[in-house]
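Here the structure is laid out as structure tokens; the discussion comes afterwards.
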Amino acid sequence: MYVVGEEEIEALAAVIRKGALFRYGVGDECDRFETRYAAYLGVKHFALAASGSNALAAAMVALGLGPGDEVIIPAHTYMATATSVLSAGAIPVVVDIDETLTISPAAIEAAIGPQTKAVVPVHMWGTACDMDAIMAIAARNHLIVIEDACQGVGGGYRGRKFASIGHAGCFSFNYYKNMTCGEGGGVAANDDAVAERVRCAIDPCHFYWRGRSDALKPFSANGARASELMGAVLNVQLDRVAGMVAAMRRERNLILEGTRSLDNLGLKPAPLNSPDHDCATHVFYTLPSAGAASAFSKLFPSVIAGKTGRHNYTEWDQVLMGAGAAHPAMNPYNMPANAACRRSYSKDMCAPSLAILDRTVMVPTHPLHSGREIENIVHNIGAAARVALAGAPLDEAKIKAAAPLDPQKFDLKVDA
Ligand SMILES: Cc1ncc(COP(=O)(O)O)c(C=O)c1O
């Protein structure tokens, strides 16, 4: 959670006082948010859902993915990217990331096979995937592109907002995201028919509230409707997001500026795809080795990307075990239609990604960091780098007080 305050309390109280908590018929907060957020993203449609996982699942079925289809996803993402593919009956094919921490276009191209139908670039940690390269590969190979922008609220790629570039894009508004209403999510799309199918997947009964349309052939799906309480909080949060992202970009630039000379020691900023447009929720450094990254992060408490647990494919138990559904007959891994899809995984199938992640150190920014806190972060990075990378004596690493890491967000128990 970044910033939540009195304005959200007022907005929630107003909805409760009105007694208009349901999005259809009585309230207008969800409708208002969907219209405003679509305009902010520069897309025609935005549909709210109960979570980012639900949003991804809705986008998959809305775009027609299902049994017989392989969907290429990166080795470094929250496991919902993979499980949403399975929820549509399709098979996730996991490929490497590169030093940008996002899916490698070369790995996508190498993984395309006869069953490949789609690719999901994930704007991990709010950094941009190489969307020009990915869209070009997709066009050449007739692939659907679903952007997983769940971690990318407020960010973009070369002047376009995340989720506005592919055939659909999905967001999460859970507690950890740049814009939050506790739990929530949604799908952005430009195509009218896709947007209608997304709404049907999010609420198969939605025509009951909104009216039937000859354009949509309804289908059954799980419900994942948003409430007016979510819409009301998001309307407040949307007013704040541009300022927050601007503050995080300023902080990241100050930190990069203040640590530039450490490049000589081997503390190199990760080569991001669109640093002027992304969310800047972290500063990423690629260190020469996993050992150096580990020594650095012990001195200055920071996050090693490879130790962020659920974000790495090695932790996706259901996928690795082939447990794609609760009932065996609904398990995509057992479906005859998926017989030609690649369905076997191993813990070392994306070893190059693990090597990159283990030597990538993440230093979180925050819109409320003070000038003094940012100065201390710069100081601490320098002190830790001199000991970890240049062999300076340990007692020279005088680490100053800095904002603590969020142990839940970064799964620090896995780090121990
Ligand atoms: C990259 C990514 N995809 C999907 C999701 C799923 O979102 P939610 O937790 O709202 O279901 C998340 C959430 O953390 C995520 O980070």
Side-chain angles (χ1 to χ4, degrees), residues 1-2 33 37 46-61 71-88 92 94-95 97 100-103 118-129 131 134 145-155 157 162-163 166 168-188 198 201-202 221-227 229-231 233-234 237 278-279 281-282 284 303 305 308-313 315-316 318-319 353 357 362 364 406-411 414:
M1 174 170 59
Y2 280 85
F33 177 75
Y37 197 50
F46 187 79
L48 270 169
S51 72
S53 305
N54 290 137
L56 282 164
M60 301 276 163
V61 297
V71 178
I72 296 175
I73 66 166
H76 182 55
T77 176
Y78 182 59
M79 70 182 284
T81 315
T83 55
S84 63
V85 175
L86 291 165
S87 76
V94 185
V95 306
I97 57 153
T100 67
L101 300 188
T102 60
I103 194 164
V119 57
V120 185
V122 181
H123 302 296
M124 203 53 195
W125 309 112
T127 67
C129 296
M131 290 308 294
I134 293 167
V145 179
I146 298 175
E147 292 176 77
D148 181 339
C150 284
Q151 299 195 2
V153 174
Y157 171 82
F162 293 152
C170 301
F171 290 96
S172 165
F173 304 125
N174 80 21
Y175 175 79
Y176 296 115
K177 302 305 190 259
N178 300 347
M179 198 158 73
T180 185
C181 54
E183 296 285 357
V187 184
V198 163
I202 290 172
N222 292 330
R225 200 169 46 226
S227 84
L229 296 173
M230 294 160 70
V233 172
L234 289 171
Q237 293 262 305
D278 70 19
C279 300
T281 50
H282 302 81
F284 301 93
V303 183
T308 55
R310 61 195 181 274
H311 298 110
N312 297 320
Y313 73 93
E315 305 293 326
W316 305 343
Q318 296 92 319
V319 178
S353 301
L357 293 165
M362 302 163 42
D406 180 337
Q408 284 184 58
K409 177 166 182 180
F410 294 114
D411 224 353
V414 177

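Every number for a ligand or one of its atoms is a count from 1 in the order of the listing.
For ligand 1, the atoms lying closer than 4.0 Å to a non-hydrogen atom of L56 are 4 (C). With ligand atoms numbered from 1 in the order given, ligand 1 contributes 1 (C) to contacts under 4.0 Å with heavy atoms of V122. Short contacts between ligand 1 and G184, defined as distances under 4.0 Å to a heavy atom of the residue, involve ligand atoms 10 (O). For ligand 1 and S51, the ligand atoms under 4.0 Å from any heavy atom of the residue are 10 (O), 11 (O). Interface atoms of ligand 1 facing T77, defined by a heavy-atom separation under 4.0 Å, are 1 (C). Every atom of ligand 1 with a heavy atom of S172 under 4.0 Å away is listed here by number and element: 7 (O), 8 (P), 10 (O).
Applying side chain to side chain contact (heavy atoms under 4.5 Å, CB included) to L56 and the options S87, S84, S51 leaves one that passes, S84. A side chain to side chain contact (heavy atoms under 4.5 Å, CB included) with P121 is found for exactly one of I72, V145, T102, namely V145. In summary, of the residues considered (T81, I103, V122, T308), a side chain to side chain contact (heavy atoms under 4.5 Å, CB included) with H76 occurs for T308 alone.
Judged by distance alone, with hydrogens and angles left aside, the side-chain atoms of E147 form no donor-acceptor pair with the main-chain N or O of F162 at under 3.5 Å. Proximity of a side-chain donor or acceptor of Q151 to a complementary backbone N or O of M124 within less than 3.5 Å is not detected.
Going from atom OG1 of T77 over to atom NE2 of H123 covers 11.0 Å, rounded to the nearest 0.5 Å. Atoms CG and CG, from L48 and L234 in turn, are 6.0 Å apart once rounded to the nearest 0.5 Å. Remark: M230 CE to F33 CZ distance equals 9.5 Å, nearest 0.5 Å. Distance check, rounded to the nearest 0.5 Å: CH2 of W125 to CZ of F284 gives 7.5 Å. Remark: N178 CG to F173 CZ distance equals 10.5 Å, nearest 0.5 Å.
Of the heavy atoms in N54, none comes closer than 4.0 Å to ligand 1. The part of A80 lying near ligand 1 is the side chain, judged by heavy-atom distances below 4.0 Å.
Comparing heavy-atom distances from atom 9 (O) of ligand 1 across V120, N174, T83 singles out N174 as nearest.
Between E183 and N174, the shortest heavy-atom contact is OE1-CB, 3.5 Å.
Ranking protein heavy atoms by distance to atom 4 (C) of ligand 1, first place goes to C150 SG, 3.4 Å. Regarding atom 3 (N) of ligand 1, its nearest protein heavy-atom neighbour is D148 OD2, 2.8 Å. Shortest contact from atom 15 (C) of ligand 1 to any protein heavy atom: Y78 CB, 3.4 Å. Atom 14 (O) of ligand 1 has as its closest protein heavy atom K177 NZ, 2.7 Å. The protein heavy-atom contact nearest to atom 16 (O) of ligand 1 is Q151 NE2, 2.8 Å. Nearest protein heavy-atom contact of atom 8 (P) of ligand 1 is G52 N, 3.5 Å. Among protein heavy atoms, atom 11 (O) of ligand 1 sits closest to S53 OG, 2.6 Å.
The closest approach between any non-hydrogen atom of S84 and ligand 1 is not below 4.0 Å.
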